[in-house]
Novice: 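Quick one: the structure is below, questions incoming.
Naming convention: chains lettered A, B, ... in sequence-line order (proteins, then strands); numbering from 1 in each chain.
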Amino acid sequence: AQSVTQLGSHVSVSEGALVLLRCNYSSSVPPYLFWYVQYPNQGLQLLLKYTSAATLVKGINGFEAEFKKSETSFHLTKPSAHMSDAAEYFCAVSPFSGGYQKVTFGTGTKLQVIP
Amino acid sequence: DTAVSQTPKYLVTQMGNDKSIKCEQNLGHDTMYWYKQDSKKFLKIMFSYNNKELIINETVPNRFSPKSPDKAHLNLHINSLELGDSAVYFCASSQTDKNTGELFFGEGSRLTVL
């Protein structure tokens with residue numbers, strides 16, 4: 001069984017400030033972990049993914065996330081927020097078991113960037 | 001070129017009607033999915049097909065019937081629509097042997113049941 005918890009359904013940051021979106025996971029097997037972004041009226045697109053290689057993962061648009069097994073966390077960060085970062089962000093987990101992937105999503109965090 | 005495309009993008013219909021949503025992917029992937037996103041943005045998997053074979057069938061009412069004529073297409077037919085079916089339905093695809101679980105999503109089909 002696997003699950004994802006995203007802390008904070010809404011996060012507001014000022015333009016230029018640090019972005020920190022929190023994600024904790026639960027998985028009975030080693031997980032793959034993902035962050036997806038959804039802009040208004042669009043589908044989800046992959047920001048970054050952890051697949052058991054480096055624990056610090058860099059993604060698109062200056063985002064990065066660190067896999068911490070001891071804390072079962074995969075928090076998303078960006079040093080300096082841009083207005084264009086305003087969107088819904090989803091953390092997701094998939095079992096590292098091969099074959100068909102059943103991806104479980106968190107409930108999402110809406111990021112608001114204040115000018 | 002759109003990788004995963006869904007039609008229609010918007011659907012407004014009355015309770016009790018039947019409707020279909022179509023999905024096509026040109027990524028050469030072998031697995032396709034239907035996800036439902038509710039008004040609170042919660043994403044829940046409904047179905048998944050691998051090479052036209054149903055492999056994931058979550059607890060979904062029988063009124064929902066997926067169909068995959070080939071590995072590039074996945075359709076969703078909904079009978080006797082109810083108010084609670086109002087949501088955004090996302091099609092997605094992935095490649096099994098890439099083994100990373102990365103999903104590629106369409107832009108969604110927003111269904112409104114009146």
Novice: Do B:Tyr49 and B:Leu76 sit in the same hydrophobic cluster, where Ile, Leu, Val, Met, Phe, Trp and Tyr count as joined when their side-chain heavy atoms come under 4.5 Å apart?
Specialist: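 Cluster IDs for B:Tyr49 and B:Leu76 match.
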Novice: Can A:Leu56 be reached from A:Leu18 by stepping across I, L, V, M, F, W or Y side chains whose heavy atoms are under 4.5 Å apart?
Specialist: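 No; tracing contacts between hydrophobic side chains, which count when under 4.5 Å, never links both residues.
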Novice: Enter the distance from B:Lys40:NZ to A:Thr107:OG1 here, rounded to the nearest 0.5 Å.
Specialist: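 If I round to the nearest 0.5 Å, the distance is 10.5 Å.
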Novice: Quick check on B:Gln37 against chain A: is it the side chain, the backbone, both or neither that has a heavy atom closer than 4.5 Å?
Specialist: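 For B:Gln37, the contact with chain A is made by the side chain alone.
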Novice: Say you draw a straight line from CZ of B:Arg110 to CG of A:Asn41; how long is it, rounded to the nearest 0.5 Å?
Specialist: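 Nearest 0.5 Å value for the CZ-CG distance: 6.0 Å.
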Novice: So for atom NZ, which belongs to B:Lys44, do other residues, nucleotides or ligands contribute more than 12 heavy atoms lying within a distance under 6.0 Å?
Specialist: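 Enclosed: over 12 neighbouring heavy atoms sit under 6.0 Å from NZ of B:Lys44.
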Novice: Answer yes or no: are there more than 12 heavy-atom neighbours, outside B:Asp70 itself, under 6.0 Å from its atom CG?
Specialist: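 Check passes, neighbour count above 12.
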Novice: Identify which part of A:Leu44 has an atom lying under 4.5 Å from any heavy atom of chain B, answering side chain, backbone, both or neither.
Specialist: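 For A:Leu44, heavy atoms of backbone and side chain both lie under 4.5 Å from chain B.
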Novice: Between NZ of B:Lys41 and CZ of A:Phe90, what distance do you get to the nearest 0.5 Å?
Specialist: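 With rounding to 0.5 Å, NZ (B:Lys41) is 6.5 Å from CZ (A:Phe90).
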Novice: Do the side chain of A:Tyr36 and the main chain of B:Leu103 share a donor and acceptor less than 3.5 angstrom apart?
Specialist: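 Yes; at least one donor-acceptor contact below 3.5 Å.
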Novice: Is A:Val57 reachable from A:Leu47 through a run of hydrophobic residues whose side-chain heavy atoms are each under 4.5 Å from the next?
Specialist: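 Same hydrophobic cluster.
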Novice: Would a hydrophobic clustering, with Ile, Leu, Val, Met, Phe, Trp and Tyr connected at side-chain separations under 4.5 Å, put A:Trp35 with A:Leu46?
Specialist: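 Cluster IDs for A:Trp35 and A:Leu46 differ.
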Novice: If I measure from the heavy atoms of chain B, does A:Gln38 come under 4.5 Å with its side chain, its backbone, both, or neither?
Specialist: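 Answer is side chain: those atoms of A:Gln38 sit under 4.5 Å from chain B.
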Novice: Can we call the ring centroids of B:Tyr35 and A:Phe105 under 6.0 Å apart?
Specialist: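 Yes.
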